[in-house]
*Asks:* 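Please read through the structure below; I'll follow up with questions.
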Amino acid sequence: MSRILLSTTIPYVNARPHLGFALELVQADVLARHHRLRGDEVRLQTGTDDNSLKNVQAADAAGVAVRELVDRNAAEFARLAGPLSLEFDDFVRTSADLRHRAGVERLWRACAEDLYRKHYEGLYCVGCEHFYQPGEQCPEHDAPLQHVSEENWFFRLSRYQDELYELIASGRLRIEPAGRRNEVLAFIAGGLADFSVSRSRTRARGWGIPVPGDPDQVIYVWWDALGYYLTALGYGDGEHGRWWGGADRRVHLLGKGVLRFHAVYWPAMLLSAGEEVPTDLLVHDYLTVEGRKISKSGGAAVDPVGLVSAYGVDALRWWLLRDVPRVGDADFTAERLVARHDDELANGLGNLVNRVAGMVHRYRDGIVPADRDPALDGVRAGAPDTVAEALEAFDFRRATGAVHEVVEVANRYVSQVKPWQLAREGSARLDPVLGTLVETCREVAGLLAPFLPDAAVRVAARCAGPGERLPAPAPVFPRLGGTA
RNA sequence: GGGGCGGUAGCUCAGCCGGUUAGAGCAGGGGACUCAUAAUCCCUGGGUCGCGGGUUCGAGUCCCGCCCGCCCUACCA
């Protein structure tokens with residue numbers, strides 16, 4: 001048994017949650033449930049990045065107070081847990097949690113010897129909070145660039161270059177998939193420059209956490225947001241040891257767009273503060289919707305809660321886990337979601353459970369026989385290991401595929417042994433066949449638990465033990481599409 | 001401009017250190033069965049493995065160049 005700390009990134013809350021973030025939440029939830037079921041000590045944390053300037057801009061655009069917009073949207077993210085059947089242990093809001101602010105301040109002080117003030121000058125686009133080179137124009141905003149000249153705090157990232165490289169190259173900090181690790185190594189090898197970790201209070205619009213001892217500066221939002229991994233654990237009070245340094249695995253899930261912050265800046269900050277670095281960074285790619293990029297500020301966006309009410313949480317989770325490749329963006333369409341659900345859950349697993357129940361009722365008055373047939377022993381024994389291996393490799397497709405494989409083998413088995421024929425012949429083989437099928441369905445329910453917790457409960461409810469009475473047959477997964 | 005990752009059957013994708021006739025699922029076509037949610041099971045896959053060269057006895061699988069998509073990154077006017 002080991003102690004595992006799992007975390008998602010915290011999204012900024014300038015808009016309501018979209019499907020893309022649901023992917024990360026569900027992946028994290030699956031890993032957490034998987035490890036809990038194996039007896040590991042697990043903690044899964046998520047939250048929201050309230051202090052991003054984007055939130056201020058969104059509030060301006062909407063004509064509401066920042067506090068109001070942030071509170072409202074953050075609540076939407078927290079509420080995702082219900083519809084998506086997520087089970088997280090903690091939800092941190094960077095603007096509302098006292099422990100967060102205290103922790104960020106402490107982290108700042110812990111890194112004090114790597115922080116220094118430097119004068120900085122540049123052309124700044126307020127729209128995207130980014131500096132540009134002279135002569136450049138912001139590709140996204142028409143507004144003229146502002147000349148900014150101010151003194152900021154900088155972090156001495158440069159001195160950690162070799163240590164970071166070694167950490168990642170050696171695998172002590174594992175980055176998955178491997179392509180992402182290479183990307184980071186190439187970046188580090190290219191040389192690391194110190195980066196700015198504060199901005200003037202005015203430029204930050206007074207929103208954010210002030211630099212300790214320098215109230216005219218606000219801590220850079222990335223410093224703030226990354227700190228959440230530590231602050232949620234009680235870093236501000238020095239109570240984080242059990243779950244940070246004390247964990248066997250510190251696993252961050254993140255999207256490809258924020259890889260550098262997690263693979264370079266964050267570990268460097270931790271080294272500076274004298275803390276352990278993460279053990280695993282699991283990087284996912286993005287979702288598109290009907291071929292279009294998902295964006296918070298317009299364009300295609302799909303509401304995960306809406307999808308759940310339309311298709312159910314099992315169908316949505318199954319699609320996210322089953323259809324999204326380990327590498328590469330995946331395109332979401334309702335058609336694909338329905339197809340996966342109907343083919344594998346309704347016609348595959350649901351029908352299996354239902355036909356087995358039907359036969360037990362028809363031939364054995366609903367009482368589950370106690371006899372066994374070893375025919376399915378092979379797949380059944382192999383599936384848990386395959387699932388564990390696949391999840392270790394961050395391959396949700398292969399993991400769910402292993403579960404589905406058991407269903408397919410069981411369905412094939414039914415048509416091979418033809419229980420209806422055995423019944424007609426009054427064969428003694430009928431009992432072991434039916435007993436084994438019911439038992440296999442129960443095992444599938446168990447295998448399914450980390451992926452589709454709701455469905456797992458429903459399936460389990462239809463599988464009684466030997467000698468017990470089975471509920472009357474009824475579809476566990478009603479088809480979503482029309483008749484095939 | 002540099003770097004990375006993709007480009008494999010209609011669709012979604014597997015193919016590790018190069019090696020027998022290039023695979024799976026879905027869709028499509030044919031058949032069987034009847035326990036079941038018009039479900040299940042069996043049979044059916046001749047695709048220039050993006051393009052062009054090269055290395056090799058032999059290359060989706062390695063090397064070079066190019067094209068397309070995506071990502072990261074860059075003081076080139």
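The analysis underlying the following values was restricted to heavy atoms, covering all of them including side chains, and did not include hydrogens, waters or symmetry mates. Convention: sequence-line order gives letters A, B, ...; per-chain numbering from 1.
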*Asks:* Could you identify the nucleotide paired to B:G69, looking across every strand shown and requiring Watson-Crick or G-U wobble geometry with both distances under 3.5 Å?
*Replies:* B:C5

*Asks:* I need the CZ-C1' distance between A:R326 and B:C5, as an integer number of Å.
*Replies:* 12 Å

*Asks:* Tell me whether the OP1 or OP2 atom of B:U37 has a side-chain N or O from A:R479 closer than 4.0 Å.
*Replies:* no

*Asks:* On a whole-Å scale, what distance lies between the P atoms belonging to B:U48 and B:U8?
*Replies:* 12 Å

*Asks:* Which nucleotide in the set B:U37, B:U12, B:U40 lies at the smallest distance from any side-chain heavy atom of A:N411?
*Replies:* B:U40

*Asks:* A:R424 near the nucleic acid: base, sugar-phosphate alone, or nothing, with a heavy-atom cut-off under 4.0 Å?
*Replies:* sugar-phosphate

*Asks:* If the glycosidic angle sits within 90 degrees of zero it is syn, else anti. Tell me which applies to B:G60.
*Replies:* syn

*Asks:* Taking the same atom, P, in B:C13 and in B:G46, what whole-Å distance lies between them?
*Replies:* 22 Å

*Asks:* Could you measure between the two P atoms, the one in B:C71 and the one in B:G15, and give it in whole Å?
*Replies:* 23 Å

*Asks:* Using a heavy-atom cut-off of under 4.0 Å over every strand shown, decide if A:A339 touches base, sugar-phosphate, or nothing.
*Replies:* nothing

*Asks:* Under a 3.5 Å cutoff, is there a donor and acceptor pairing between the side chains of A:R462 and A:N354?
*Replies:* no

*Asks:* What's the gap between B:A14 and B:C67 when it is taken at their C1' atoms, as a whole Å value?
*Replies:* 25 Å

*Asks:* How many whole angstroms separate atom CG of A:N351 from atom P of B:U34?
*Replies:* 16 Å

*Asks:* Is a side-chain donor-acceptor pair under 3.5 Å present for A:D314 with A:W318?
*Replies:* no

*Asks:* Should the pair A:H262 and A:H252 be assigned to parallel (<30°), tilted (30 to 60°) or perpendicular (>60°) ring geometry?
*Replies:* perpendicular

*Asks:* Using a heavy-atom cut-off of 4.0 Å across all strands, would you classify A:Y286 as base, sugar-phosphate, or nothing?
*Replies:* nothing

*Asks:* Can you tell me the Watson-Crick or wobble partner of B:G23, both distances under 3.5 angstrom?
*Replies:* B:C13

*Asks:* Rounding to the closest angstrom, what is the interatomic distance between B:A77 and B:C64 at atom P?
*Replies:* 30 Å

*Asks:* I need the CG-C1' distance between A:L321 and B:C13, as an integer number of Å.
*Replies:* 16 Å

*Asks:* Can you figure out which of B:C26, B:A14, B:U37 approaches the side chain of A:D343 most closely?
*Replies:* B:C26

*Asks:* Tell which nucleotide pairs with B:U34, taking only Watson-Crick or G-U wobble pairs whose two distances are both under 3.5 angstrom.
*Replies:* none

*Asks:* Taking atom P of B:C70 as reference, at what distance in whole Å does atom CG of A:D331 sit?
*Replies:* 13 Å

*Asks:* Between B:U37, B:C70, B:U12, spot the one nearest the side chain of A:D329, thanks.
*Replies:* B:C70

*Asks:* Specify the closest pair of heavy atoms between A:E176 and A:F394, including all atoms of both residues, with the distance to one decimal.
*Replies:* CG-CB, 4.3 Å

*Asks:* Measure from the side-chain heavy atoms of A:P325 and tell me the nearest of B:C70, B:C13, B:C35.
*Replies:* B:C13

*Asks:* Here's a test of your reading of the structure: between A:R412 and A:P473, which maps to the more 5' nucleotide of RNA chain B?
*Replies:* A:P473

*Asks:* Between B:G7 and B:C49, how far apart are the C1' atoms? Round to whole Å, please.
*Replies:* 10 Å

*Asks:* List the atom of A:P304, the atom of A:H18, and the distance in Å for their closest heavy-atom pair.
*Replies:* CD-C, 3.7 Å

*Asks:* Can you tell me the distance, in whole Å, between the CZ atom of A:F187 and the C1' atom of B:G2?
*Replies:* 14 Å

*Asks:* In terms of the nearest nucleotide of RNA chain B, which residue is placed more toward the 5' end: A:G257 or A:P475?
*Replies:* A:P475

*Asks:* Expressed in angstrom and rounded to an integer, what is the separation of A:R340 atom CZ from B:C26 atom P?
*Replies:* 9 Å

*Asks:* Contact class for A:R398 vs. all strands (heavy atom < 4.0 Å): base, sugar-phosphate, or nothing?
*Replies:* nothing

*Asks:* Any chance the side chains of A:T94 and A:D50 put a donor and an acceptor closer than 3.5 Å?
*Replies:* no

*Asks:* Taking B:G18 as the reference, what is the distance to B:C11 when you measure between their C1' atoms (whole Å, please)?
*Replies:* 30 Å

*Asks:* Under the side-chain contact (heavy atoms from CB on, under 4.5 Å) criterion, do A:V444 and A:V403 qualify, and how do the steps go?
*Replies:* CA-CA 7 Å; A:V444 171; A:V403 179; 4.3 Å; yes

*Asks:* Between B:G25 atom P and A:D323 atom CG, what is the distance in whole Å?
*Replies:* 15 Å

*Asks:* Can you tell me, in whole Å, how much space there is between the P of B:U55 and that of B:G60?
*Replies:* 15 Å

*Asks:* Can you identify which nucleotide, out of B:C13, B:U37, B:C33, has its nearest atom closest to the A:W420 side chain?
*Replies:* B:C33

*Asks:* Figure out the NZ/C1' separation between A:K418 and B:A32, and round it to whole Å.
*Replies:* 9 Å

*Asks:* Does A:V360 reach a base, just sugar-phosphate, or nothing at all? Heavy atoms under 4.0 Å.
*Replies:* nothing

*Asks:* Which listed nucleotide (B:C70, B:A14, B:C35) is nearest to the side chain of A:M359?
*Replies:* B:C35

*Asks:* Is there a ring pair (Phe, Tyr, Trp, His ring centres under 6.0 Å) between A:W319 and A:Y311? Walk through the geometry before answering.
*Replies:* CA-CA 11 Å; A:W319 184 81; A:Y311 303 108; over 10 Å; no

